[in-house]
Amino acid sequence: MRKKVVAKIIEDAAKLLGVEALPPVEIEIPRNEQFGDISATAALTLAGILKKPPRKIAEEIVDSIRDKSQFEKIEVAGPGFINFTFSKEYLASEIRQLLKQGKKFLREDIGQGKKVQIEFVSANPTGPLHLGHGRGGATGEALANLLMAAGYRVEREYYVNDAGRQVKLLGLSVFARYQQHLGAEYPFPEEGYRGGYIEDIAQEIVRLHGKDFLQASFTSAEDFFTGYAYEKILQGIKDDLRDFGISFDTWQSERELFTEGVVAKSIAELNEKGFLYEQDGAIWFKATAFGDEKDRVIIKQDGEYTYFTSDIAYHRGKLEKRFDELIDIWGADHHGYIPRIHAVIEALGHPKEKLKVLLVQMVTLLRGGKPVQMSKRAGEFVTLREVIDEVGADTTKFIFLTRRPDSQLEFDLEVAKAQSAENPVFYVQYAHARINSIFLHARDQGIAVENIPDAKLELLSQPEEIRIMKKLLLYPMVFEGAVSAHEPHRITFYIQELAGFFHPYYNKHRIVTEDIPLTAARLALCDAVSIVLREGLEILGMKAPEKM
RNA sequence: GCGCCUGUAGCUCAGUCGGAUAGAGCAACUGCCUUCUAAGCAGUGGGUCAGGGGUUCGAAUCCCUUCAGGCGCGCCA
């Protein structure tokens, strides 16, 4: 059932009443089942316009609805709600469509081939991924899957900050450890990276190259050490992402923005357009002209570029690729950066709405209620990999995807581990595995499983069965809402609820019995549930196991 | 000081472009495995939606304000 189908019915009816400028018809799913399957507040909204009591308007709208075949009843309730209850025939025919079309029935082509790029994770290749990156990753992956299911063409991009001060510092940290490892006295940089992985890389270089660089200055060895270290770390990041179930289509290197001249071109363009000026020996971008609170330096007094400069080039590159929509997923600590990047978008001649920045709030890591210190430089942090190993990838993802991205999250390792056996993700996956097992059993009993889509679904009359069918039909509405709001977590809650309808049904009613037609109908229902669970889990980037 | 986010059951969180009696999981307690998977089911208890004021037929939701927590306000990245 699509929202707009019902909205259309009401709009048509309202037009018969002579309403011309109809406000958008809101359709909602009532939380209480006694208020029908879907509900409209149109009469309440119209009351102000028509200067008539809402209940009266509601009744008139209901009277004007011509084709009521999809509904068992349409009631006016409360202050003027119009509550629709689906007819059994309609339910059966819709479920039949679901079984025949599968995922196609669940997806709607909202995007119509529009090109979207989602940039996420983009952690600096100066150390392993931590839990916060995991949250961004899980969110970005699910959003990408969601938009793809909605007919968008999605590109997933990871922006690799392989240029600039941080990677240089990384190289220097490794170089210092290398020297120290070979017994040389070499000062460790004040701000250097102190994690154990730096040691590992230094030792590896000792193994492979011995004392080749012992007498070298850092300046002469910089390219080697920096390059070696960041490539090593980037490979580790890629491995972590793979094991977490996250994939990227493109890896945009910051360094290439310089070597391919994109940075120079960007500066030239901004200069031509008159958005640059010189002051105090530095070059500034007039961000205030586009609503930012201050202008920003793009070339420092010492002639070096800032991080912002490559980011200008990076976003200019994105704009040139002609995506219909750009989405950046950032950690919430970067929120102050939004006005300035929007300023860039506008300065380059695009509406700032072209780029949506989705902020993912911080993850506070706890162990047994106590905060775990997270400092990459000091080398004190729990990596994403450790968390995956400890609590599992799907469980970790589920914890992220049962929350709105903009809520701060306390992730307690002890609680997560203790709850991993109780984690709701298993509840959903278990329903899927269970249905699979029912089918195996049915086959053993010699039931012709392949004829399931032709089963007489009208035989399903138990309240639990009706409830499940109705829930299944609401999926497209949930999907639509999740897509337009860019909120994958709505799918998470939906599949939990669906599983929550299935388990009690399974417990109360036997699926496979002597009654062959009824068995077929119930198997068909199970199949439908399974299809929707699989679709939901796939969007969220989680496994739909055949058995558990 | 200014800006952004958050505050809902003991805990972790949904619900927030205004809708009907505020929901789920965990934790607690009582039951259910010789029959398709007990990672399950049935049931019980649990709320000043941070506080105050306002807007209206109607507010957890919108506006104002106070309090509490997080984050940001670099010629760092």
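Just so it is clear: chains get the letters A, B, ... in the order the sequence lines come, proteins before strands, and each one is counted from 1. Reckoned from all heavy atoms, side chains included, excluding hydrogens, waters and symmetry mates.
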Response to the item:
Looking only at B:rC76, B:rG40, B:rA42, the nucleotide nearest the A:His503 side chain is B:rG40
Discussion item. B:rG3, OP1 or OP2 - any side-chain N/O from A:Tyr337 closer than 4.0 Å?
Written reply: no
Fill in: Nearest-nucleotide 5' precedence on RNA chain B, A:Ala332 against A:Ala163
A:Ala332
Worksheet item: In terms of base orientation, is B:rC11 syn or anti, with the syn window spanning 90° either side of 0?
Response: anti
Discussion item. Within the supplied structure, the quantity of interest is the number of heavy atoms (other residues, nucleotides, ligands) at a distance under 6.0 Å from A:Lys56 NZ; does it exceed 12?
Written reply: no
Fill in: Distance in angstrom units between A:Phe411 CZ and B:rC13 C1', rounded
14 Å
Fill in: Backbone of A:Ala482 reached by a side-chain donor or acceptor of A:His489 within 3.5 Å
no
Discussion item. With no hydrogens and no angle check, just 3.5 Å: does a side-chain donor-acceptor pair link A:Asn83 and A:Glu75?
Written reply: no
Worksheet, complete the sentence: From the list A:Ile491, A:Thr396, A:Leu540, A:Ile539, side-chain contact (heavy atoms from CB on, under 4.5 Å) partner of A:Leu401 resolves to A:Leu540
Practice prompt. Ignoring backbone atoms, establish whether A:Lys294 has a side-chain N or O less than 4.0 Å from OP1 or OP2 of B:rG74.
Written response: yes
Worksheet item: For residues 295-309 of chain A, which residues have at least one heavy atom under 4.0 Å from RNA chain B?
Response: A:Val297, A:Lys300, A:Gln301, A:Thr306, A:Tyr307
Item to complete: Output yes when A:Glu465 and A:Arg522 qualify as a salt bridge under the 4.0 Å nitrogen-oxygen rule, no when they do not.
Response: yes
Response to the item:
Of B:rC36, B:rG70, B:rG19, the nucleotide closest to the side chain of A:Ile438 is B:rC36
Item to complete: Could you tell me whether A:Arg467 sits above the aromatic face of A:Phe501, with NZ or CZ closer than 6.0 angstrom to the six-membered ring centre and within 45 degrees of the axis?
Response: yes
Worksheet item: How about A:Glu450: does its CD atom have over 12 heavy atoms from other parts shown lying under 6.0 Å from it?
Response: yes
Worksheet entry | Aromatic stack A:Phe35/B:rA20: centroid gap under 5.5 Å, interplanar angle under 30° | yes
Restricting both atoms to N or O, compile the protein contacts to nucleotides 14-16 of chain B shorter than 3.5 Å, with distance only.
residue : atom : partner  : partner atom : Å
B:rA14  : OP1  : A:Arg404 : N            : 2.5
B:rA14  : OP1  : A:Ser407 : OG           : 3.1
B:rG15  : OP1  : A:His489 : NE2          : 3.0
B:rG15  : OP2  : A:Arg404 : NH1          : 3.2
B:rU16  : O4   : A:Arg404 : NH1          : 3.0

Worksheet item: Distance between the P atoms of B:rG69 and B:rG31, in whole angstroms?
Response: 45 Å
Discussion item. Regarding A:Gln34, tell me which of base, sugar-phosphate or nothing describes its non-hydrogen contacts under 4.0 Å with the strands shown.
Written reply: base
Fill in: d(CG, A:Asp444; P, B:rU35) in whole Å
16 Å
Worksheet entry | A:Tyr427 ring over B:rA39 six-membered base ring, under 5.5 Å and 30° | no
Worksheet item: Rounded to the Å, how far apart are A:Met548 CE and B:rG40 P?
Response: 9 Å
Discussion item. Determine whether the aromatic ring of A:His334 stacks with the base of B:rA77, defined as ring centroids separated by less than 5.5 Å and ring planes inclined by less than 30°.
Written reply: yes
Worksheet item: How close or far is atom P of B:rA24 from atom CZ of A:Phe398, stated in whole angstroms?
Response: 16 Å
Worksheet, complete the sentence: Whole-Å distance, A:His335 NE2 to B:rC5 P, equals 8 Å
Worksheet entry | Candidates B:rA20, B:rA77, B:rG40 - which lies nearest the side chain of A:Arg434 | B:rG40
Discussion item. Rounded to whole Å, how long is the line connecting atom CD of A:Gln462 with atom P of B:rC41?
Written reply: 18 Å
Practice prompt. Measure the shortest side-chain to side-chain distance between A:Leu169 and A:Tyr193 over non-hydrogen atoms and say whether it is less than 4.5 angstrom.
Written response: yes
Worksheet item: So which one's nearest nucleotide on RNA chain B is more toward 5', A:Ile399 or A:Tyr430?
Response: A:Ile399
Item to complete: Just do the side-chain contact (heavy atoms from CB on, under 4.5 Å) check on A:Ile341 and A:Trp330 with the steps written out, would you?
Response: CA-CA 12 Å; A:Ile341 209 75; A:Trp330 295 350; 3.6 Å; yes
Item to complete: Can you establish whether the number of heavy atoms outside A:Glu190 located under 6.0 Å from its atom CD is more than 12?
Response: no
Practice prompt. Return the nearest nucleotide to the side chain of A:Asn83; candidates are B:rA20, B:rA42, B:rG40.
Written response: B:rA20
